[in-house]
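All figures in this text were calculated on a predicted structure; none of them were measured in a lab. Protein chains get the first letters and strands the later ones, always in sequence-line order, with residue 1 at the start of each.
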Amino acid sequence: MLNSLFFVNSSGDVLLEKHWKSVIHRSICDYFFDIQKKSIHPEDVPPIISTPHHYLINVYQNNLFLVAVITVETPPLMVIEFLHRVIQTFTQYFDEFSDSSMKENCVMVFELLDEMLDNGFPLVTEMNILQDLIKPPNFLRNIANQVTGRTNLSETLPTGQLSNIPWRRQGVKYTNNEAYFDVIEEIDVIVDKQGSTVFAEIQGYVDVCCKLSGMPDLTMTLINPRLLDDVSFHPCVRYKRWENEKVLSFVPPDGNFRLLSYHIAAQNMVAIPIYVRQVISLKPNAGKLDLTVGPKLSMGKVLEDVVLEITMPKCVQNCNLVASHGRIAFDPTTKLLQWTIGKIEVGKPSTLKGSVAVSGTTVAENPPISLKFKINQLVLSGLKVNRLDMYGEKYKPFKGVKYITKAGKFTIRT
Amino acid sequence: MTSFVEGLTSPEMEIAEGGVILDNRTRFADLKAMLDSNKDNLKVDAMKRIINLIAKGKDVSELFAAVVKNVAAKNVELKKLVFVYLVRYAEEQQDLALLSISTFQRALKDPNQLIRGSALRVLTSIRVPMVAPIMLLAIKDAVRDMSPYVRKVAAHAIPKLYSLEPELEPQLVDCIDFLLADRRSLVLGSAVYAFDEICPHRLDLLHKHFRALCRGLADVDEWGQIVMINMLTRYARHELADPDRGPPDTDVVLLLNSARPLLQSRNCSVVMAVVQLFYHVAPKAQLSQIARALVRLLRGPRETQYVVLTNIATICERNPVEEGTYAISKTMFDPFLKSFFVRSCDSSLVKKLKLHVLTSLVSEANVHIILRELQTYVHMSDLASPAVEAIGRCAVRVGAVSDQCMTGLVQLISSSDEKVVCSAVVVIKRLLHASAPLNLLSRLMRLMPNMIAAQARACVIWLVATHVEQVLHMAPDFLRLIAKKFSTENELVKLEALKLAVKLWLVKRDDSEKIVQYVFQLARFDLSYDVRDRCRFLRNLMFNTEILSQHMEEIFMSKKPAPELISSFKERDKFQLGSLSHVLNQRCTKYIDLPEFPATSSDSLLRKEAHAPNELKLDDSDEEEDDDDEDEEEDEDEEEEDEDEEDEEEEENESEEEEEDDEDEESEEESDEEDEEEEEEDDSEPEEKPNPKPSTKKQALILNKSKPMNGKPKTERNDLDLLIDVDFSAAGSRQIMDATHIEEKEIELLNVIEGNGLILSISYPRINDGQYTAIRFGITNKTDGDLLGVELKTEEGLDVKGNSIIGDIPSGARVSVDLLVDFGDSATSREWILTRDDGHEKHFRFEVPYGEQVQPIRLSPEDISKERSRLGGLNRHVIQLENPINPSSIALFVNAFSSDLTIFTCQTRSRKDVCILTVSEKSIECCCDNSVIGRMLAFSVSKNC
């Protein structure tokens with residue numbers, strides 16, 4: 001599989017290199033740089049590049065490219081998935097995956113990569129086992145290490161690798177035993193010019209923050225499990241049990257993890273909780289913009305963190321807008337108009353009005369509007385956790401379930 | 001102390017800030033000094049800085065000697081960092097690297113499996129060809145290690161050694177073959193990975209493992225699953241018949257059924273692997289299942305989307321017009337049509353692929369939705385020209401809307417966007433290739449002066465030239481307009497204009513002679529070589545040669561076939577879906593073509609496992625019903641097994657007598673395990689409850705009574721199913737088997753008088769359950785009244801599993817109870833107590849013969865001869881026979897396995913000591929690790945049979 005991995009930032013420097021087989025000189029990245037330079041946007045770099053003797057598979061996140069070098073036929077998705085797993089791991093270890101955090105924790109990154117792959121084939125990718133091998137850095141431990149001379153490397157040998165529940169660390173102890181479940185739904189919507197929905201679907205997740213001692217065995221039942229007909233699970237979920245009884249039964253990993261994600265397709269019409277009325281015309285010298293945003297199906301819940309973004313065409317020079325609520329920012333270099341509205345109460349739509357300075361002679365095409373918002377304590381699909389039981393441990397854990405609806409890729413065409 | 005201060009202050013800062021300011025010598029001297037010190041934290045500091053330099057791609061190979069000295073360090077972190085360094089630079093410093101080998105060799109013998117594992121991992125990562133023989137030995141040992149973790153590492157080590165020394169292939173293939181038979185899912189994934197790296201063509205090795213691999217699929221780790229599914233796909237295409245022709249092979253069904261749940265995996269590569277398995281192997285009717293999974297993957301990051309869309313495009317492109325397959329690709333993705341709608345936040349590659357998929361999905365039913373969508377895209381600046389082309393493709397695919405598309409396209413020509421105009425004209429040119437309506441042509445000709453893009457202009461001229469007969473009256477004038485601006489035109493346009501001139505010359509010479517000559521004159525003195533060249537060529541053809549100019553018409557006015565739309569995704573179909581070669585559309589190194597299905601499946605007996613747990617009920621739905629219970633039980637069993645391992649390890653510790661801490665650790669682990677086991681037992685309690693319900697006591701008892709007779713085979717079978725997967729066999733080569741013979745005859749221990757009204761008898765059901773020997777107690781109440789609270793007790797210190805409280809026995813009823821006892825390989829008689837509520841207590845003793853304390857195992861012939869040669873001296877007993885014995889009756893007395901009735905193999909349940917009985921006409925030979933057991937078994941056979 002992977003021969004080598006290079007961390008490349010958007011300005012074309014190699015931050016870090018790691019080789020699992022014979023060393024491949026970093027000049028291999030020149031092929032990548034050539035293509036990177038040609039692409040206007042970093043996302044336009046093709047993920048898989050063929051060079052005379054090697055194949056480069058890259059993944060882009062947060063202004064960093066991970067460029068994997070392989071020499072023989074390998075399922076490309078396997079490499080891509082693995083690289084994303086690497087990013088996830090680093091995000092959990094260092095709170096963010098970025099240029100600076102990678103530079104700062106260079107040695108630990110190197111050690112982690114060494115543990116994750118053996119001869120280029122994934123060996124340990126479970127967060128819990130990795131944390132057993134190499135303790136994540138934190139402020140307190142850093143100070144303690146300074147004083148006592150200890151290190152982040154675990155002294156004891158990790159036994160998690162040997163157990164038949166490889167995702168869970170052994171000997172977990174907490175004084176407060178608690179488990180939090182976040183049911184998050186993102187709605188992907190395309191609304192056309194006339195305001196009717198072209199396409200809508202729900203992408204849902206159940207994220208868990210589990211701080212339970214010992215080896216708890218959890219069972220979660222849902223009020224309406226039939227909703228989840230297209231679902232993917234964390235390996236800890238007993239699939240047979242789900243198939244037969246529609247009950248989620250699992251021994252959870254320690255810490256944060258995604259228990260399941262589901263997808264509710266476009267056929268089941270999804271109710272959109274927000275509407276946008278827009279009049280945009282980008283005529284030269286007479287550009288106008290008039291937007292109204294309001295809640296559609298209130299359901300008694302407040303829309304929060306509403307942000308509206310428009311990337312204007314190049315010919316737009318400036319915007320002169322007045323908003324009834326929130327802040328407006330227009331960046332003349334990136335042409336991004338951002339309207340941060342915040343909360344929208346029921347029955348109080350927000351408006352944005354004003355003129356737009358457009359240069360040139362032709363009428364520019366109207367740019368699409370993208371929208372972000374959040375609704376607490378509501379999921380659009382109506383999914384609900386019925387009960388949550390724990391077996392295998394004697395203590396009474398604290399359990400909490402939270403529901404959130406968010407805008408995913410919410411696009412309004414104009 | 002000075003070096004410490006230096007270490008903290010000197011070069012670190014300069015390096016971190018980018019420029020290497022200090023020259024190498026002083027910097028490395030500094031690091032060397034730190035490495036040579038005797039403080040661990042100083043060394044660790046130095047190592048960290050060195051690793052930092054490696055990560056940045058700096059060469060620090062000259063520190064090799066100083067670093068390798070520390071390879072045997074006690075400090076875990078230091079050791080690990082040194083390993084990292086060693087693996088990186090060993091290749092460049094081969095001689096020095098040899099110094100470290102002995103450390104690893106020592107560690108390979110460590111009692112702790114994790115230390116053994118990591119030593120093997122680092123040892124085999126050192127790319128020094130000289131060490132290859134040592135590696136081979138280490139790997140050969142490790143594949144037979146009793147720890148599954150070490151076996152896994154060994155599997156990983158095989159490809160490493162292979163890349164170092166490809167000549168070792170035969171030996172390594174043997175190791176792989178051995179590992180493929182492993183029962184632990186931890187090992188299987190890596191074994192398959194090794195197989196795939198070294199001998200992917202040796203599919204014959206897989207025959208006997210095929211079914212086990214299929215069943216084990218769900219439990220293997222996700223990365224192993226990917227490799228495994230890809231390999232099984234190849235196997236199925238190579239060995240099994242096409243399920244679309246005739247009834248599908250049961251093995252195909254097994255494979256598909258085991259892979260199907262993995263469509264639900266969180267790992268998108270696993271999903272992709274299952275998808276390609278279904279695409280290449282499954283009957284066409286089952287294909288629809290994969291569409292939904294693929295569409296779900298579209299929610300992933302852009303890289304995933306890119307790969308998935310490329311694959312979807314290929315699936316859709318698979319002969320969409322051909323009967324039959326068309327229906328599949330259509331119904332597959334039709335419900336998800338809207339998932340391919342472009343979002344403004346998609347990356348441009350994804351957008352283009354989505355467009356492609358959309359147009360290949362187009363049909364009479366959805367063409368209007370798609371066209372409306374495409375029209376929106378025309379207004380998106382970065383998608384405009386692909387969208388126009390997509391409209392063109394729609395027009396070709398669905399004849400009914402081609403007129404509508406054409407009108408739309410013509411309208412687009414007057415668009416203000418140059419790119420749109422250009423691509424619209426190009427598309428129109430393609431569509432009008434065969435025939436062009438007059439009104440469209442004249443409209444294009446009128447629009448021509450406003451067109452700016454050279455390509456568009458050239459296309460219009462080409463159209464006019466091709467269909468010149470239809471616009472005879474307008475064409476000369478059209479040429480005149482072009483001639484007016486000829487010198488400023490682009491080369492493309494000029495060439496097309498020349499072509500038009502030639503055609504006019506042919507069809508309407510009298511009207512256009514002047515203008516044609518004018519154009520040729522202009523071209524003759526053009527700036528461009530190509531135009532001048534073309535002009536000379538045409539002039540000579542037309543005016544100078546008599547012979548050729550006679551055939552002018554045939555040369556220039558022949559009909560040309562319309563160009564076909566061939567997408568690049570169609571040719572990708574020759575590559576396996578989901579492969580790198582497929583995405584790049586080129587044959588990658590080591591890509592293996594997927595073979596065509598054979599006409600008939602290879603003999604299914606090839607795939608027959610030596611021991612198939614549930615072969616009889618491959619698709620039985622019953623199986624799934626008790627699966628949950630099974631799962632739980634499985635966990636339990638596996639834990640037990642872990643315990644087993646640890647037991648054995650402790651034994652090792654004892655024998656080696658070193659490292660106290662290790663023992664401590666182990667005992668800690670063990671106590672953990674015990675805790676878990678307790679939990680598990682807690683778990684299982686509620687399940688047992690429904691049975692002894694007070695109200696239906698009598699019924700329950702009757703049930704109990706009848707159960708052992710009728711229900712026995714089934715429960716036994718289930719137990720076995722579980723055990724097959726988890727039962728621990730020390731070397732991995734031993735395979736625990738079912739008992740070949742189960743004695744139904746009971747041995748009466750207590751008669752009515754001794755038992756005070758109860759008759760107690762025992763039999764041995766020969767169930768395999770870890771180190772436990774199963775004993776079936778049958779108790780019959782011969783008194784006139786019910787007996788309450790009957791209970792079986794045993795002396796303390798005996799490990800007994802199972803419910804020894806029998807409860808109440810009604811008059812005349814019989815109850816049987818299975819107890820699992822760990823005798824620790826000893827035939828000493830044990831005391832048992834039968835008590836009941838009325839105060840009667842009966843003590844009795846009995847011993848379990850060694851023949852019942854062993855379990856049958858299967859060994860390969862090589863292993864048998866190896867074991868026999870190993871077990872000499874005290875461990876071998878030979879009894880000379882006066883009369884030949886009947887070998888078939890041996891199974892009555894010894895629970896052993898035999899394939900030919902001359903060699904019987906078994907192992908003791910507690911300590912897993914191998915025991916091999918060889919029977920000939922004249923003698924019985926018994927080889928056993930435990931000499932007492934060996935002698936007793938040989939003796940009992942010689943006496944009884």
Bottom line for Glu126(A): the part with an atom under 4.5 Å from chain B's heavy atoms is side chain
Bottom line for Pro368(A): the part with an atom under 4.5 Å from chain B's heavy atoms is side chain
Nearest heavy-atom approach of Glu197(B) to Met1(A) is OE2-N, 4.5 Å
So, the part of Tyr262(A) with a heavy atom under 4.5 Å from chain B: the answer is neither
Under 4.5 Å to a heavy atom of chain B? For Thr411(A) that would be side chain
Cut-off 4.5 Å, heavy atoms of chain A, and the answer for Asn230(B) is side chain
Output for pair (Cys106(A) SG, Arg49(B) CZ), nearest 0.5 Å, gives 13.5 Å
Turns out that what part of Glu17(A) lies under 4.5 Å from chain B's heavy atoms comes down to both
What one should report as the nearest heavy-atom pair of Trp20(A) and Arg127(B) is O-NH1, 3.5 Å
Separation between CD (Gln264(B)) and OG (Ser232(A)), nearest 0.5 Å, reads 7.5 Å
Okay, Met47(B) and chain A: the region with an atom under 4.5 Å from a heavy atom over there is neither
Correct closest heavy-atom pair for Arg121(B) and Leu123(A) would be NH1-CD2, 3.6 Å
Indicate yes or no: at least one non-hydrogen side-chain atom of Arg88(B) is less than 4.5 angstrom from one of Phe110(A). no
- Query: Just wondering, do Lys80(B) and Glu115(A) contact through their side chains at under 4.5 Å, heavy atoms?
  - Reply: yes
Cut-off 4.5 Å, heavy atoms of chain B, and the answer for His84(A) is side chain
Less than 3.5 Å apart, any donor N or O on the side chain of Ser50(A) or Gln586(B) sitting next to an acceptor on the other? yes
| query | Hey, are the side chains of Thr304(B) and Glu81(A) touching, using non-hydrogen atoms and a 4.5 Å cut-off? | reply | no
Turns out that what part of Arg258(A) lies under 4.5 Å from chain B's heavy atoms comes down to neither
If one checks every heavy atom of Tyr55(A) against chain B at 4.5 Å, the contacting part turns out to be side chain
Cut-off 4.5 Å, heavy atoms of chain B, and the answer for Asp188(A) is side chain
Max heavy-atom pairs within cutoff under 4.5 Å with chain B, candidates His234(A), His19(A), Lys18(A), goes to His234(A)
Bottom line for Val14(A): the part with an atom under 4.5 Å from chain B's heavy atoms is neither
Whatever's closer than 4.5 Å to a heavy atom in chain B on Ser22(A) counts as both
Okay, Ile80(A) and chain B: the region with an atom under 4.5 Å from a heavy atom over there is side chain
Separation between OG (Ser125(B)) and CG (Asp118(A)), nearest 0.5 Å, reads 5.5 Å
Cut-off 4.5 Å, heavy atoms of chain A, and the answer for Val308(B) is side chain
If one checks every heavy atom of Val350(B) against chain A at 4.5 Å, the contacting part turns out to be neither
Okay, Phe6(A) and chain B: the region with an atom under 4.5 Å from a heavy atom over there is neither
The reported gap from OG in Ser163(B) to NZ in Lys21(A) (rounded to nearest 0.5 angstrom) is 7.0 Å
With a 3.5 Å distance limit and no angle check, can you tell me whether Glu43(A) reaches the backbone of Ser348(B) through a side-chain donor-acceptor pair?
no
Greatest number of non-hydrogen atom pairs under 4.5 angstrom with chain B, of Asp114(A), Val107(A), Leu15(A), Asp230(A), falls to Asp230(A)
Sub-3.5 Å donor-acceptor pair from the side chain of Glu303(B) to the main-chain atoms of Pro47(A), do we have one?
no
Okay, Glu222(B) and chain A: the region with an atom under 4.5 Å from a heavy atom over there is side chain
Turns out that what part of Gln225(B) lies under 4.5 Å from chain A's heavy atoms comes down to neither
If the plane angle is over 60° it's perpendicular, under 30° parallel, otherwise tilted; pick one for Tyr193(B) and Phe121(A).
parallel
In terms of heavy-atom contacts, Glu73(A) and Cys588(B) come closest through OE1-CB, 3.9 Å
May I ask you to decide if Met78(A)'s main-chain N or O and Ser269(B)'s side chain share a donor-acceptor pair within less than 3.5 Å? yes
When you compare the side chain of Ser339(B) with that of Phe199(A), does any pair of heavy atoms fall below 4.5 Å? yes
Heavy-atom nearest pair, Val45(A) first then Arg302(B), reads O-NH1, 2.7 Å
Here the pair of heavy atoms bringing Arg413(A) nearest to Val342(B) is NH2-O, 3.2 Å
If one checks every heavy atom of Ile54(B) against chain A at 4.5 Å, the contacting part turns out to be both
d(Ser579(B) OG, Leu77(A) CG) to nearest 0.5 Å is 11.0 Å
So, the part of Val198(A) with a heavy atom under 4.5 Å from chain B: the answer is both
Check: Under 4.5 Å between any side-chain heavy atoms of Thr376(B) and Asp192(A), yes or no?
Finding: no
Heaviest contributor of heavy-atom pairs below 4.5 Å to chain A, chosen from Ile592(B), Leu263(B), Leu580(B), is Leu580(B)
Checklist entry - Less than 4.5 Å apart, any side-chain heavy atom of Val59(A) and any of Pro301(B)? => result no
